[in-house]
Amino acid sequence: MKSLWSDAEAARFAGPLGLRVYTSRLLGREKSLVLHGGGNTSVKLREKNVFGEDLDVLYVKGSGSDLETIEPEGFSPLALDYVRRLATLPKLGDAQMVNELNTHKLRADAPAPSVETLLHALLPHPYVDHTHAGAVLSLSNAPDGETRVREIYGDKVVVIPYIMAGFDLGAYCAREFPRQATKNTLGIVLLSHGIVSFGANARESYERMVQLVSMAEEYLKAHRAWEPAARASTPGNANRLEIASLRKSISEQAGMPMVLKVNGSPKFLAFAQHPQVQRLAQQGPATPDHLLYTKPFPMLGRDVASFAKSYRAYFERQAARSKEQKTMLDAAPRMVLDRELGFAAVGRTARDAAIVEQLYDHTIDVILRAEALGGWRAVSEPHLFDIEYWDLEQAKLRRAGSPGMFTGEVVVITGAASGIGKACAESFLKRGAAVVALDRNPAVERMWNRTDVIGLTCDLTHAGAIQKSLDAAVMRFGGVDMLVLNAGIFPPSSPLQDVAAESWRSAMAVNVEANLLLLQACHALLKLAPRGGRIAVIGSKNVPAPGPGAAAYSASKAALNQLVRVAALEWGKDGIRINSLHPDAVYDTALWTDEVLAARAKAYNMTIEQYKKKNLLKTEVSSKDVAELAAEMCGPLFAKTTAAQVPVDGGNERVV
């Protein structure tokens, strides 16, 4: 491992807390050290209180903060002396410990302090870093792990057995650290948990972390355990309907829609086909800290009912020994290892699924390296249960708030790079959906930099392009729940007698046939939607009230309208509902250039503002207005409505 310290970068961070932020971010950049909120850092400072008195303050990473992006506000300042006194108590419940920490914050709006605050407080060093370095986990979870750790580090580290984070760990370290530490000690190895480094300044603590982790890496390399060979015996074969069926089964077991992300890369496929996958994968995670996202073990194969039965048995075994009553979480898997699919990560949101995928990517390395040293072993099942059903972790879930309307669901939107389509993407994202944004404009691929959107270039007039896009969508999110048919063209206006054959064919190809192809391709996926498939069709005022000079456009939109009415008749039995919106005069779209708008206003002897509001309500209709109704049509308010046609036009005399 190489130090990422840069004097030029460091110079941009002011003061000791600024440098604490800087080196925390350096740790966060290295995914082999921390992932998604893992790890924690701190700094001890002397500051003045409101009375001008000196006060020793511990700034510790707030719970939920991410080291890679942390800001000064992500640290929680506490009265150091008081926190240290807590570690001397003979006993303190974790819930009470959290209360004591929160009531002794020195800034009311600071985040909740890390549950490992006591560990940071007891160490005498100003800067403390704690990570879940994969190399160290491989060592400590291999046979004779503690012996190997002591052999590598000698008195450079204090070795602590596995103890769940919280008061017990802090109190144990408060007693044990002074007993083992020497003048050569640079850190602590927490077996099956992680590694701690410390120093007099930010750079020293950070580079000691680099040094200690590098020593573990060199040991693994010397023992030919750094890059263990693993190859798939048979190629993967991910069929999108099989994936969607798996997602539906998992969602039904969870009692809510779930996102499922498939990774059939050689690494995941090889591990899924490993001859010892049952033994390796069913012991537990690389570190119990992952359990909030992953559950203790992955499902092998696709028998969701069997996995749920096994999970319930695990819960009943462990809950029976608990002092307080536990309420079982859902019994659906969060990880799937399958010989044909490779790996599937499951989450309540696309972000959660992506986190599960990255955590298990890291876990496979830890497992195989430990196995190469003689045999992987995780912490015991009781320890795993204690973390998974820890009151503090359950409290985090309770504080998460109500999910969005479409959390766990997936929507495909056509013509998503601009206008109504882009507005639809934003409306569905706001309600928690994962979005598949299709457009023939390649810019759609770069418009959203987030885990819950995939932008795909797709010419909907080509069946092959549709199939390829749906394959990518299902690999990324697991299925399709909703479809917004928005893409369309408006051929040049001309009198009926002058309509060019090519204009007519283009309008029919894009506005009708392309939508038919997409409907046909999505039908089987929509049937597998956990809450039933939904389709919103962006039609046009020209369906009930065609305009002169727009024969091709009006006829094609009317044909589409008839097509979706037939779909409503035929697909109702499949639990799929389909409704249409008929917007008019939506001027913030690519169809309306400044020149066209000015010309149309002049033709009506109106100003542009008057022309925009030439409807009964004298209001302007925007892309967002249409998008919001399209989203609501896919929601519970329209749960018992299909084949509806709703105008979004401010009131048009010809329609009324």
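- A salt bridge is absent between Lys61 and Asp66; no separation between the charged side-chain nitrogens and carboxylate oxygens falls under 4.0 Å.
- Here CD of Glu217 is found 8.0 Å from CG of Leu220. Values are rounded to the nearest 0.5 Å.
- With contacts defined as side-chain heavy-atom distances shorter than 4.5 Å, the pair Pro403/Arg348 qualifies.
- Legend: residues meeting side chain to side chain contact (heavy atoms under 4.5 Å, CB included) with Thr182, ordered by chain and number and at least two apart, are Asp155, Asn184, Thr185.
- Checked against the 6.0 Å centroid threshold, Phe13 and Tyr22 count as a close aromatic pair.
- Residue-environment remark: NZ (Lys267) exceeds the threshold of 12 foreign heavy atoms within 6.0 Å.
- Between Asp7 and Arg203, at least one side-chain nitrogen of the basic residue sits less than 4.0 Å from a carboxylate oxygen of the acidic one, meeting the salt-bridge criterion.
- Between the side chain of Ser3 and the backbone N or O of Glu207, no donor-acceptor pair lies under 3.5 Å.
- Residues forming a salt bridge (charged side-chain N to carboxylate O under 4.0 Å, His left out) with Asp144 (at least two apart in sequence, or on another chain): none.
- Considering only residues two or more places apart in sequence or on other chains, Glu445 meets the salt bridge (charged side-chain N to carboxylate O under 4.0 Å, His left out) condition with none of them.
- Interatomic distance, Ile163 CD1 to His383 NE2, rounded to the nearest 0.5 Å: 9.0 Å.
- Counted within 6.0 Å of CD on Gln282, heavy atoms from surrounding residues, nucleotides or ligands total more than 12; the atom is thus considered enclosed.
- In terms of the side chain to side chain contact (heavy atoms under 4.5 Å, CB included) criterion, residue partners of Arg107 (sequence neighbours excluded) are, by chain and number, Glu73, Pro77, Asp109, Ala110, Pro111.
- Aromatic ring orientation, Phe406 versus Phe428: parallel (interplanar angle below 30°, classes split at 30° and 60°).
- The heavy-atom pair separating Ala112 from Asn102 by the smallest distance is CA-OD1, 3.5 Å.
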Check step by step if side-chain hydrogen bond (donor to acceptor under 3.5 Å, both in side chains) holds for Tyr293 and Gln358. CA-CA 11 Å; Tyr293 292 103; Gln358 290 189 4; over 6 Å; no

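- Among pairs with a residue in residues 163-176, those fulfilling salt bridge (charged side-chain N to carboxylate O under 4.0 Å, His left out) read Glu176-Arg179, at least two apart in sequence or across chains.
- For the pair Leu80/Val57, no side-chain contact is recorded, criterion being any heavy-atom separation below 4.5 Å from C-beta on.
- In this structure the side chain of Arg334 reaches within 4.5 angstrom of the side chain of Met258, judged on heavy atoms.
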Using the salt bridge (charged side-chain N to carboxylate O under 4.0 Å, His left out) rule, take Glu426 and Lys422 through it: C-alpha gap first, then chi angles, then the decisive distance, then the call. CA-CA 7 Å; Glu426 298 298 337; Lys422 186 177 180 183; over 6 Å; no

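- Aromatic rings of Phe343 and Tyr360 (six-membered ring for Trp) have centroids within the 6.0 Å cut-off, being under it.
- Residue pairs meeting the salt bridge (charged side-chain N to carboxylate O under 4.0 Å, His left out) criterion with at least one member in residues 350-359, sequence neighbours excluded: Lys261-Glu357.
- Side-chain atoms of Ile160 and Val196, non-hydrogen and from C-beta on, never get closer than 4.5 Å to each other.
- Take Gln276 and apply the side chain to side chain contact (heavy atoms under 4.5 Å, CB included) test, not counting sequence neighbours, and it matches His274, Arg279, Leu280.
- Using a 4.5 Å cut-off on side-chain heavy atoms (C-beta onward), Leu373 and Tyr219 make contact.
- The shortest heavy-atom contact between Pro113 and Val60 is CB-CG1, 4.0 Å.
- Taking both residues in full, the closest heavy atoms of Ile454 and Ala472 are given as CD1-O, 4.3 Å, listed atom of the first, atom of the second, then distance.
- Scanning all heavy atoms of the two residues, the minimum distance from Ala378 to Asn141 falls at CA-ND2, 4.2 Å.
- A donor-acceptor contact shorter than 3.5 Å links the side chain of Ser138 to the backbone of Gly134.
- Nearest heavy-atom pair, Trp376 versus Gln283, reported as atom, atom and distance to 0.1 Å: O-NE2, 3.0 Å.
- Looking at residues two or more places apart in sequence or on another chain, you find no side chain to side chain donor-acceptor pair (under 3.5 Å) involving Asn99.
- By the side chain to side chain donor-acceptor pair (under 3.5 Å) test, Glu30 is found to be paired with Ser32, residues two or more places apart in sequence or in another chain being considered.
- With values rounded to the nearest 0.5 angstrom, Ser114 atom OG is found 8.5 Å from Leu119 atom CG.
- In this view, Ala216 and Ala135, Val136, Leu139, Tyr153 satisfy the side chain to side chain contact (heavy atoms under 4.5 Å, CB included) rule, not counting sequence neighbours.
- The environment of Lys468 atom NZ is sparse: at most 12 non-hydrogen atoms of other residues, nucleotides or ligands sit within 6.0 angstrom.
- Ring geometry for His132 against His130 counts as perpendicular: the plane angle is over 60°, on a 0 to 90° scale with 30° as the lower cut.
- Taking 4.5 Å as the limit, every side-chain heavy atom of Phe167 sits out of range of all side-chain heavy atoms of Val115.
- Here Glu151 pairs with nothing under the salt bridge (charged side-chain N to carboxylate O under 4.0 Å, His left out) rule; sequence neighbours left out.
- When atom types are taken as modelled, the side chain of Tyr206 and the backbone of Leu4 share a donor-acceptor pair closer than 3.5 angstrom.
- The side chain to side chain donor-acceptor pair (under 3.5 Å) check on Gln273 picks up Ser233, Thr234, with sequence neighbours excluded.
- The distance from the OG1 atom of Thr41 to the CZ atom of Arg25 is 11.5 Å, given to the nearest 0.5 Å.
- In this structure, Ser197 and Leu212 approach most closely via the heavy-atom pair CB-CD1, 4.3 Å.
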